[in-house]
Each structure stands twice: as structure tokens, then as C-alpha cells.
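Residue numbers begin at 1 in each chain, while the letters A, B, ... track the order of the sequences.
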Amino acid sequence: MRLQPRPASLYAPSVPTLDLPAASEKSVTDRDFLRSAFQSMLLARILENKLSSLYKAGKIVGGVYLGRGQESVSAALGTALIRGTDVFSPLIRDQAGRTAFGESLLDCTRTYLGSVLGPMRGRDGNVHRGRPLEGVPAMISHLGAQIALVAGMLFAKRLKGQLQGVVGATCVGDGATSTGAFHEALNLIGVEKLPLVIVVANNQFAYSTPNNRQFACGDLIERARGYGLGGWSVDGTDLFACASVMREAVRRAREGGGPQMVVAHLLRLVGHGEHDDAFYVPDACRNDHYGRDCIDVAIPQLVANGHVTTDEIHAWQHQFAADVQRAVAQAQQEATPDPYREDWTAISTRFPISQ
Amino acid sequence: MRLQPRPASLYAPSVPTLDLPAASEKSVTDRDFLRSAFQSMLLARILENKLSSLYKAGKIVGGVYLGRGQESVSAALGTALIRGTDVFSPLIRDQAGRTAFGESLLDCTRTYLGSVLGPMRGRDGNVHRGRPLEGVPAMISHLGAQIALVAGMLFAKRLKGQLQGVVGATCVGDGATSTGAFHEALNLIGVEKLPLVIVVANNQFAYSTPNNRQFACGDLIERARGYGLGGWSVDGTDLFACASVMREAVRRAREGGGPQMVVAHLLRLVGHGEHDDAFYVPDACRNDHYGRDCIDVAIPQLVANGHVTTDEIHAWQHQFAADVQRAVAQAQQEATPDPYREDWTAISTRFPISQ
Amino acid sequence: MSVTYIDAILAAQEKLLREDDRVFLYGQDIGVFGGAFKATKGLAAAFPNRVFDSPISEDAMIGLAVGAAIEGLRPIVEMQFADFSSIAFNQIVNQAATHYYRTGVPIPITVRMPSGGTPGSGPFHSQNMEGIYAQYPGLIVLTPATVADAFHMLIDGVALDDPVIYCEHKFLYRWLKAKSINNDHLPIGQARIARPGKHATVVAYSAMVHEAVRAADRLQPDGWEIEVVDLRSVKPLDLDTILASVARTGRLLAVGESFPWGGVTAEVISLVSEHGFHLLDAPPQRLNSRDTPIPYHPKLWASHRPTPESICDALRHLLRF
Amino acid sequence: MSVTYIDAILAAQEKLLREDDRVFLYGQDIGVFGGAFKATKGLAAAFPNRVFDSPISEDAMIGLAVGAAIEGLRPIVEMQFADFSSIAFNQIVNQAATHYYRTGVPIPITVRMPSGGTPGSGPFHSQNMEGIYAQYPGLIVLTPATVADAFHMLIDGVALDDPVIYCEHKFLYRWLKAKSINNDHLPIGQARIARPGKHATVVAYSAMVHEAVRAADRLQPDGWEIEVVDLRSVKPLDLDTILASVARTGRLLAVGESFPWGGVTAEVISLVSEHGFHLLDAPPQRLNSRDTPIPYHPKLWASHRPTPESICDALRHLLRF
Ligand SMILES: Cc1ncc(C[n+]2csc(CCOP(=O)(O)OP(=O)(O)O)c2C)c(N)n1
Ligand SMILES: Cc1ncc(C[n+]2csc(CCOP(=O)(O)OP(=O)(O)O)c2C)c(N)n1
Ligand SMILES: [Mg+2]
Ligand SMILES: [Mg+2]
């Protein structure tokens, strides 16, 4: 099944239809956005390559899940959001979005390497890291479960009178759309009219399971209407397209246009985790349009439009590689958690009475 | 929000679009179907009125949940199904469908009155009754949970090579569409392409909760497409319309057209249960088109079309009232379960070893 | 005028909404309708925009509450019946319960669970889930047995920074009455001597406290003085009070309305056997419901759960050692 | 050639598919991919149309299995991790578990639950849920500890007419090896003496059997002979074998990898305290994991669950009485 990107307006009946300028037209006016998003993509790729080597060298315990091929989608979303104002609950393939939303490299390396100084203090690992009080929830593994949580943060902000101008966003994969949690939460954000942007990265596989064993519609965006969400379908390998769709979806949510759903089409360019060689992905998928590497797609576009120069890219590459190296080195020399000093309690209340 | 019945074809892109004859046109060729469905409606109404009096007289322990106002939808579905071949998992407002599918009056009265001879032997009550081995699953209370179960029965029939010509059907309310179970199961029947007909009786309220706190789309049929289901939207107060849509949806499922979703629009004409006076239903709802009593709508239509005479209806009323009276009387004089003879075990295996 | 158990729950929520603007209520049919059991009657009108009817989405309801708690609010979520929390199970045990340990950010949500059997309610409107939730680190599980506790423990529970599973017993809703709600009360985590005695200790909680007291009263004429301990909260569980009681009586029967495998009574027996073995003059005993789903028919139901009669039988057996 | 624990699970499924055409497999990534742990490797190819990749819909997966069971088939559903069965919780405990009692129609489904901790897996890929499911009437809960049991108990479990929760321990998958799979084996419902002894009884199950045997071995040089009982199934639970062992040793320690409140160890201690009180020469003891979510970091994880060291400590304490 080959998907054609479709005009979003077809699926966005509950939102006033607005003719988007073609991606390339609009993007030229958005130099800063594109440069910034691209930097996040690049840094994420370099960081993840490093994590992959560390994993293969046995330096990381537990899984490593990478976002290779999804950086455009994730970075475009993260760049459209405002740290300190918005809520962003990243999922497993959102290193680029995390970076764009302002995650420090150390938060990442410390978590993967089990430093007790990381945000999860060795208690939880890898992609589960978050800083809930700074607008970055810490995901649980159960797919779909974060959407309602972000909805709750927005709901609370509304009750507190602090929702004005705020957006919440979270990502899921094609597989996560089959969960009951996904459905209940999307229905709820529709009913509560919360400014939430849900991004579905349809990377054609859920672990090894292809789309045709996961859902039976043509494009998952066909579900937006049933929830009363604005709907957007975008080529996830195209940074320019992602940038303009994400900005527009986020803008509408921010300006009172209600919840928005974006479905991005692409291919997962790595295994499910670094333990997986993805033998089940047919060559046909790798070789088709959505098998493109979004970074390879972005570079000539950015250069051709005069947004960046090749020299700049090289300089960034060097700088990011050094930054990553430093963050890894620092995390590696930090203390790991000590079971004898660990506060073995799951509740914050200290009852005076014996338990 | 007032809903207009919509042409089903709008929402049924995955099924070859077929122009249905207008309900009234087609129905004249379906005298037997309409007579049979109407008889089930009438019997269900008389039976349920009796259950209501028994409840008010304190003769029934536990809840009584009636289908008043939903008989057209339910009976049309039950009449379109074939007992002994099909699977029908009725929900709480499906007395008419149960009757049409061949449930005996005694199964109903025995269950409500707690006779140990009933299909649930006093272990479970009221609308939970079923005869799973005869194609009538016994529902649990958790909304949405039966759909996947029916899917499993169909899936098994396929594996056994016995699916040819078989349909499974089940009903849910508008409220149940918000459950994760509903979503997971509909997605699954789409993926597995099972011949399942899911009927959503949108009676505008889930207990006291109106549609606008339950979902955010216009018509729930807008969800069919996202699951790859054929979609039908019908006026649930109109027996003729229900009959032609249900027959068509069931026919398509039976003939390999894949899963079908029917959304029927109507109003619950009773409280959620007989304990509930439904004070929260505004007069505007009661007085509008969907506030019509489907039996009152059906009678003049049937008579005008020459399908039944007023005399016949009167005769049926008398007969059914007597039948119901007999079934109640018999169940009332039967033994209730005896805790000292009860086999207090939840598993069929008898382990030789102490537990 | 008298106050019922459910009046107390309503009054507690009213007070919380009035005094703490971090509190809001979320649940099915809790607005205009006032809840399936009328535990929120009138609150939507009195507190506009603080009481919300939710869709039938238990998973999302708890997810929403957890998010709101991160933002500093104190949601109270009503499950229409404890039995339906099975749909919210994942969000409760994996999202809410683990959050503080994982992130250091506590989740002050309260989930009200109308629990326990009533005649004719059947297998899916009668369940007790305290023994399920108490297994999970990170949850506090409250099981009030009195009108005053229904009131104070709800207020104290909402004040806790951690997720609270508040199990309110449906059988007590209108049956249990008090003259008024006393102001002094025990803190959460402390059990209560519901009836003093010296020959045996019955540990119970929620509705079973009353059945145990009835059983104790019946044995009184025979000269037996039975002490009844009301656990009040099953997690944390007040072992000190139980041990002190067993030290006086030498005999222990734990009574619960849940299914017989594991659960609260097993935890109580295990704790006492481990930590108070030398205090026991007889094998400690358990009495729970039977190992089947909860039957619909009142005649079956009545002998599915412990009754004053079956508690008396168990006590007589215990006193015979 | 040697057989691992997971080889045994694969072989059992192969045999079941080959010999019983009522059996089919349903689960995420179990087809071409062979399952997250390769427990179904090659089966999709060998048995076309008997092994199905499911959508990520745990609730619907179990719902489907129950329906198929009504139709006379014997589905085996693989949860990718036991932890994700929280999504299927309702269908397991309310649909599958209650069906036989309610309708008289048994539900022969088997749910495979990759359970238990491994280093670095963290709070949501390490859980043990046997103590949750065993609370529900209507479910059979199996916890094989050996390669032979992994094989035979899966086959015997599928043969049972009732819903079976089959808890397979991920730590044992590749670490545990046997020369071959013996043909004679105990029936479900019977515990096994994993290591005979006379000074104390350790009751354990699943991976903890091996930790307990290790602990016992360490105490041997000091002259202590510790008996280890492998429960094999936690529901039904073979009290006779446990009591016979405690009758010999007079001392009991129950070890489990689950959270400390309630669960299997509490059930074991309670049963023995009730029915074998006079056999006990010392307070019975429990050892479980700590009362927090399962930590990700291997250093934390290693001291979250019982270890040979902590089991030795608990035994020394027990032997001191
Ligand atoms: C409820 C639930 N079931 C199963 C899993 C195991 N699991 C983790 S990731 C994954 C595949 C997810 O696929 P998709 O949503 O498409 O995201 P992608 O990995 O492709 O980015 C599965 C099955 C889970 N995390 N949660
Ligand atoms: C999962 C779940 N949550 C809550 C309930 C309690 N409940 C029973 S019926 C009902 C309302 C159902 O409304 P709807 O689906 O519209 O059906 P209707 O009663 O209108 O026919 C509710 C909330 C339930 N049965 N299951
Ligand atoms: Mg995917
Ligand atoms: Mg309704």
C-alpha cells in the first residue's frame, strides 16, 4: 500500500479550512525555524549514533531505541513548541524533538548510562526520562498512555486559568494507534476541546508488524474526523513539509482552534531497538519514497534555499560530535546509584505509624 | 445538536457503493421481514412493561434495564440474523433483538426472577443472560467488551472452515463508543476482515451524559472509515429504514463485504434503568423527531402498506400479554438457587490435589 | 438529624471543593445527575467548572487525573463502580503508582471506588479491589468502615501527596448512619479498636467490621469477649495495633469480603505470623468470600460473603483450640 | 545438545500446533518475527494460518481468544511482556475468569506472560503478576521453574478446560539449560521438592527456586540442610506438599520476586499458619522484592529482588529461633 500525501483539509472539517502555502513557498520565510529544526535533527542523529555504538560495545544496559528517519517530524514538532510554556511528551523516537524542545545532552547520556545525577536517578532508563515539572512528562512503556496525561496537564492549566497560549503535544507510532488508551484519550481531548497536538509517526512497522496487520484504513488521518480533531497528513521525510504542517497545527491549537492530529508518513530506518536487525522490512519499503533519509533530503533543500551552507553543516557536525562526546564522558564518570543509599520508598508520605 | 440521517454511502468508501432503494420502496417487498420484526418489537415492549411493573412491585432484585424506543433497531437486526448460524451478542437494550433471534420468554423471566432453571441459574442476572453455545454470548457489564469476543467466535469459525455465510452482530450505545475496548475490537475486526456487524444505538444519552460530553464528531458513523468498516447511518425510530439498512449491512457482511457499522439515531424513552426517572433529558429531546416512539411510528406505516391490520395487532397484543403472563408465572414458582447445593467452584477442572 | 455514610462522602467532597481550589471532580454522570449513587449531588451546581461529566473512558479519566496532579491540582475521580476500574488498571498501577518513585514528582489523586456487594448486583457491580491495588508500591488504599471515617479519611486522603484508592462500601451507603460527624479522628495509617474484648481478635475493614461486631455481640452471651480491630487503611497497614490486640487475646481471625486467595486477610495473617508468632495461642484464621465470581441471586450472594453466622462459626472454631 | 527454558516453550507450542488442530497462536510480532523473545520462531512458517500477528490491542486480543474458546478452539495468546497484560486485565479477570461460573461454558485459553526481572529492563518490562491473577476465581496460574516444567506445564495447561495464566520467567529463558526434556513429570497442582533438606523449608517458584537452591547450597558447609519446595503452580497451590515439608523441618521461609504486600508468599504463609501452626517451630518468614517499582539500573535491580545472599540472611534469621 503506497500512500499519497493528501490535502489536510479533506480531513479537517471541524476546523475552518485554510489553504496552506506550498511547503517550499512558506518555508523560505522561516529560515530560523528551519535552521533550528535542522540543528536538532543533526544533533539527535549524532547523539543516537553514539548511543548505538555504546550499546554495541556493551556499555549500556537495557534497550536503545533510536529515531533515525523520524528526525524531521520530531524536530519540526519540538521546534514549534515553546519550552517553559508548552507541554511535550516525547515517545521513543523523539530524540530530535527532545533536543529541539531544549533537553540537555546530559539528561540523555546520564539516563542511558545510569548516572545517579540524571533526571531518573537510575530508577528508570532510556526513553522514559522526563522532567514533568518542566513540561516534559516521563513516559511509561504502555503505548498510548501519555496522551491522556498530557490532556490532564492542559485540563489543569485551564482550571488554573493558565491555558491561554499553551499547547500540549505528544507522539505515537502507527502501532500505538491500536491501543484503547489512544482512542479514549483522543476522544477525551475532542470532548474537552484541549489544545493538544497528537502526532502519529506512521513508520510502516510496529516492531515487526506491518501496517496491514495493524489497521484497515488507508491513511490513519481518516480517524481525526471521528474524534472532532483537525487533521493533517504529511510526508515525514520532508523537513520543509513537516515544518509547515507542524507549525500550522501547533498555531491552530495555540490560537483556540482545538485539538489537532498530524499523521506523518515515513519509514523507520533502524531496527525497533538496537538489538533488532529489522530483517522483516522488505527492500521495496527501503527503496521507495518514504525510505528516504530525512537528513539527506533536508540538506540539499536547505542549501538550495540558502538557509545553510555546507560549511555550516560541517561545523555543526564537528561541534555536536564534540558536545556528545563530552556529555557521554561526563555521564560515564558519574556515580551510579547505590542500593544502600537508595531511598526504597514509592510514596512521598512518611507515615508515623509502622506499616 | 440535531442530526440529519445521512446517505450511508458517504461513509462507506471501503465497500462498493450501492444505491439503496428508499426504505419505503424496498420494504413493500419485505412483508414477512417487517411483520416478523414488528412482532418482536411488540412482544419485547409487552414483556418489558411487565418487567417494569414487577420491578416497581419489588418482585425483582437487581436492576431492570429496558429497550423502550430502541425496538426497531434491535428487532431489525435480530430479524436479519439467522439463529443456529449467526452469532448475536445483545446488549442491555436488546430485548426486541433477543426475541427476534429466538430467545424464549422463559430465558428472560427466569433470569430476572432468579429461577435456578434459567440459563444463568441465579449466578448472573437480567441482561447478562446468554447461551454462548447457541450463538448468544452472555455479556459482562464492562461496556465494549463483547465486540472482541464476537470477533473471536467468527475468527474461530474461519479457522474451522465454518465461516461461510455466517455473520456476527452486537450492539453498543453511544457511551460505549468511548471505551478503549470498542476501539481495539473495531480495529481488530477491520484488520481481520471479519463478517461482524456492529450496531451503535445512539440514544443521545449514556446514563445521564449527553452526546456533547461523550464525543466530538457530528455522527458516530464518521468513525467507520478509520476502521475500514462499511458505514450506515439510520433513523432508529423508523422500522422501515432500520429493516432495509440492517438487512443490507448483514447481507454485505454475510456475502464477504467485510465488517459493517450501523449508527442508529433515536432517543432512550425510559430511564437508564427503572430506578432512574431521566429528569436530565430535556423536553426538546423528547419532542423532536428522534423522540418518537418507534412502535407508534411503525403501526400506521405497516397498516398503510397493507402488511398488517389493526385487528392483527390487537390479536398479537392479547396473545403476547398472555404468553408473558405465563412465562412470569412459571418462573415465579420455580426454585431459586440453594446455596447449600450450589457448586461453589469457578473452574471446570477438578484437581486431585488439595488446593 | 442523622448522617449516612454516603452523606459523609458528599459532605467531604463539598468541603474539599469549598476550601481547596486545587480540588476538582471528574467522573461519569457526576455532574447534573449527581453520580450513580448521588455522592456528588448538587456539587456541579454549587461549584461551577469544578465537577465534570467524563466520557466512558476509565483509562483516560485516570490519565487525565495524573496529568492534572502533575500540574498541582488534586483531582478526585469517581469510578462508577470499583469493578470498572479494571479498565483504568494500567493508568492506576503503572502511571500513577510509579510516578513518584520514577520522577520524584508525587501524584496526589484520589480514586473513589464504590465497592463491595449488595444483593442482586452480581459479578460486575460488587467487587472489592483493595487487595489488588494494595499489592502495588506507590498506592495508598483506604477502606473506611464508619460514617466519620468516610468523611475524614476522604479529606485526609486528598491531603496526601500520593495516589489514594478510596474504597467506599456500597452496602454502607444508606444503611450506615451516625448522629453527626465527630471532629476528632485517627490519622490515616492507624487502626481502631471497634469493639474491645479479650478472648480473640477479629481484624476486619469496611463493611466486614459491622458483620464482625455483630458476630462478637452474638458470642457475648456465651461469655466470649471478642475484640474487633478496624484496619481503616489496608495500605499502610497498622501492624502495631493488631499486634497489641493479639497480645491481649492470643487469637486472630482476619475477615474480608474479597476473594479468598491472597489479599488483605493473607497479608494480615502473614504479618502477625511473622512478627507476633509468640503471641498466638492458636492457629490464626481467615474468612473471606468464596472462590467464585460474586453471584447475582441474593440467596447465593448472602452465603458467598462472610456473615455474622459464618464469622461466629469461625470464631467458635478458633476459640476451641 | 542442551535445551533452554525458551526452547522448551517453543517446542511445546510446536507440539501443540502439530498434534491439536484446536490450537492457534495470537500475539504481537509472533509471526515472521518469531516473537520478542523468539518463543514462536519458525512456527508461522511451519503452521500456515495458525500463528497470527495481532495489532497492539491487548484487550481485544484476550476478547478474541475467549470468543474462539467458546467455539471450541484453544488459543495461546502471547503478551509481549507480562506488564502489558494490564491492558488486557479486564478481559482476563472479568470475561475469561467468570465465564465458566456464569454460563457453565469453560474457556480454555492460555495466556503466556513473559515475567520477571532482568537487568536493565526497568519498571515496565520486569513485572510478576501471578499474585494479581491468582486472586481471581476462575483462573489457573502456572509458574514453571525448570526446563521440563516449561515444556510439560504449557502442554498440560493448554489441555485444561479453564483459562491458564502461564508465567514464564524471562531471566530463565536462555540462562536455564537442561540436557533434554524428561518425559515423566508431575501433574499441574502438585509441587515438587527441588532440593531435600531437614532444617528449614523454603517455598519458592519460578526464578526464585534457583536463587533459593543457591542459598541452600551456601548454607550447606555450615551444616544446614535446607529443603526447597518449587510450587510449580501458584493456583492451585499444593498445600499438602508444603505441609509435609514443614512437618519435617519445622521452619518456613516463602520467597517470591513480586512486590511485598500480599501475593503468593502471603498466601503460603497464611495457609501454613492456619493449617500447620503446630508444625512450626519458629515464626514463618517471607522474602519478596522491595516495595517500589522495579528499578532500571542493574545495581538497584539486583538488590530490589531476593538474592542468594538475602535468602541466606533470611534463613539464618529463621534458623536462629
Ligand atoms: C500496550 C503495549 N503493548 C505492547 C508494547 C510493546 N511494544 C513496545 S514498542 C512496540 C511497537 C510500537 O510500534 P509503533 O507504535 O508503530 O511505534 P514505533 O516503534 O514504530 O515507533 C510494542 C509492540 C507496549 N509498549 N505497550
Ligand atoms: C467500562 C464501563 N464503565 C462504566 C459502566 C457503567 N455504565 C453502565 S451503562 C452506562 C451508560 C451506557 O451508555 P450507552 O453506551 O450510551 O448505552 P445506553 O444505556 O444509552 O443504551 C454506564 C456508564 C460500564 N458498564 N462499563
Ligand atoms: Mg511504527
Ligand atoms: Mg446511550
Side-chain angles (χ1 to χ4, degrees), chain A residues 87 89 119-121 123-125 128-133 135-142 144-160 162 168 179-192 194 342-355, chain C residues 21-22 24 26 49-50 52-73 75 87 90-91 94-95 97-108 136-140 160-163 187-191 233 235-241 243 275:
Chain A
V87 173
S89 186
M120 309 310 276
R121 298 161 294 162
R123 293 174 174 194
D124 205 344
H128 293 178
R129 68 191 183 275
R131 294 188 172 268
L133 298 182
V136 186
M139 67 174 266
I140 65 169
S141 296
H142 299 70
Q146 295 312 105
I147 312 173
L149 184 145
V150 175
M153 294 177 75
L154 299 173
F155 191 85
K157 286 179 192 288
R158 179 184 286 162
L159 291 187
K160 294 188 290 180
Q162 300 168 356
T179 64
F182 171 83
H183 171 76
E184 292 196 1
L186 289 201
N187 183 59
L188 184 143
I189 66 171
V191 167
E192 304 289 2
L194 295 166
E342 176 75 5
D343 180 24
W344 289 106
T345 172
I347 54 174
S348 68
T349 309
R350 298 294 175 262
F351 288 102
I353 303 287
S354 76
Q355 302 185 23
Chain C
D21 59 17
R22 298 169 305 172
F24 72 95
Y26 203 74
N49 238 2
R50 307 275 298 282
F52 301 90
D53 279 335
S54 74
I56 306 181
S57 303
E58 285 80 3
D59 181 280
M61 287 158 63
I62 300 294
L64 176 136
V66 172
I70 292 174
E71 285 286 322
L73 299 192
I87 311 293
N90 183 57
Q91 293 279 8
N94 286 317
Q95 186 84 270
T98 67
H99 201 267
Y100 172 71
Y101 180 72
R102 295 169 60 237
T103 68
V105 178
I107 300 295
Y136 283 89
L139 299 177
I140 289 168
L160 294 179
D161 283 341
D162 297 295
I188 285 175
Q190 204 166 317
S233 76
K235 193 174 189 182
L237 203 152
D238 178 6
L239 181 58
D240 292 356
T241 298
L243 286 181
H275 301 285

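- A/E184 places a side-chain heavy atom less than 4.5 Å from the side chain of C/I87.
- Of the listed residues (A/G144, A/A151, A/A185, A/A145), the greatest number of heavy-atom pairs within a distance under 4.5 Å of chain C belongs to A/A145.
- Using a 4.5 Å cut-off on side-chain heavy atoms (C-beta onward), A/V191 and C/F52 make no contact.
- A/K160 contributes a side-chain N or O that, together with a main-chain N or O of C/E71, makes up a donor-acceptor pair within less than 3.5 Å.
- Interface check for chain A: of the options C/N49, C/L64, C/T98, C/N94, the most heavy-atom pairs under 4.5 Å are formed by C/L64.
- Only the side chain of C/I140 comes within contact range of chain A, judged by heavy atoms closer than 4.5 Å.
- Minimum heavy-atom separation, C/V105 to A/P132: CG2-CG, 4.1 Å.
- Contact of the A/I140 side chain with the C/N90 side chain is registered, since non-hydrogen atoms from C-beta on lie closer than 4.5 Å.
- Residue with the most contacts toward chain A among C/Y100, C/Y136, C/Y26: C/Y100 (heavy-atom pairs, distance under 4.5 Å).
- Heavy atoms closer than 4.5 Å to chain C are found nowhere in A/H183, neither backbone nor side chain.
- Taking each heavy atom of C/G138 and A/A346 in turn, the nearest pair found is N-CB, 3.4 Å.
- Each of C/T241, C/I62, C/D162, C/D21 has some count of heavy-atom pairs under 4.5 Å with chain A, and the biggest count is that of C/D162.
- Considering every non-hydrogen atom in both A/T349 and C/D161, the closest pair reads OG1-N, 4.1 Å.
- Annotation: side chain of C/Q95 is in contact with side chain of A/Q146 (closest heavy-atom distance under 4.5 Å).
- No donor-acceptor pair closer than 3.5 Å links the side chain of C/D59 to the backbone N or O of A/A181.
- Annotation: side-chain hydrogen bond (donor to acceptor under 3.5 Å, both in side chains) contacts of A/R158 (sequence neighbours excluded): none.
- Distance alone, capped at 3.5 Å, places no donor-acceptor pair between the C/R50 side chain and the A/L159 backbone.
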Test log, rule side-chain contact (heavy atoms from CB on, under 4.5 Å), inputs A/F351 and C/D238: CA-CA 10 Å; A/F351 288 102; C/D238 178 6; over 6 Å; no
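- Looking at C/L73, only its side chain comes within 4.5 Å of chain A, counting heavy atoms on both sides.
- Between A/R123 and C/Y101, the shortest heavy-atom contact is NH1-O, 2.8 Å.
- Contacts of C/P137 with chain A are made by both backbone and side-chain atoms, with heavy-atom separations under 4.5 Å.
- Taking all atoms of both residues into account, the shortest heavy-atom contact from C/T103 to A/R121 is C-NH2, 3.5 Å.
- Between A/A148 and C/Q91, the shortest heavy-atom contact is CB-NE2, 4.5 Å.
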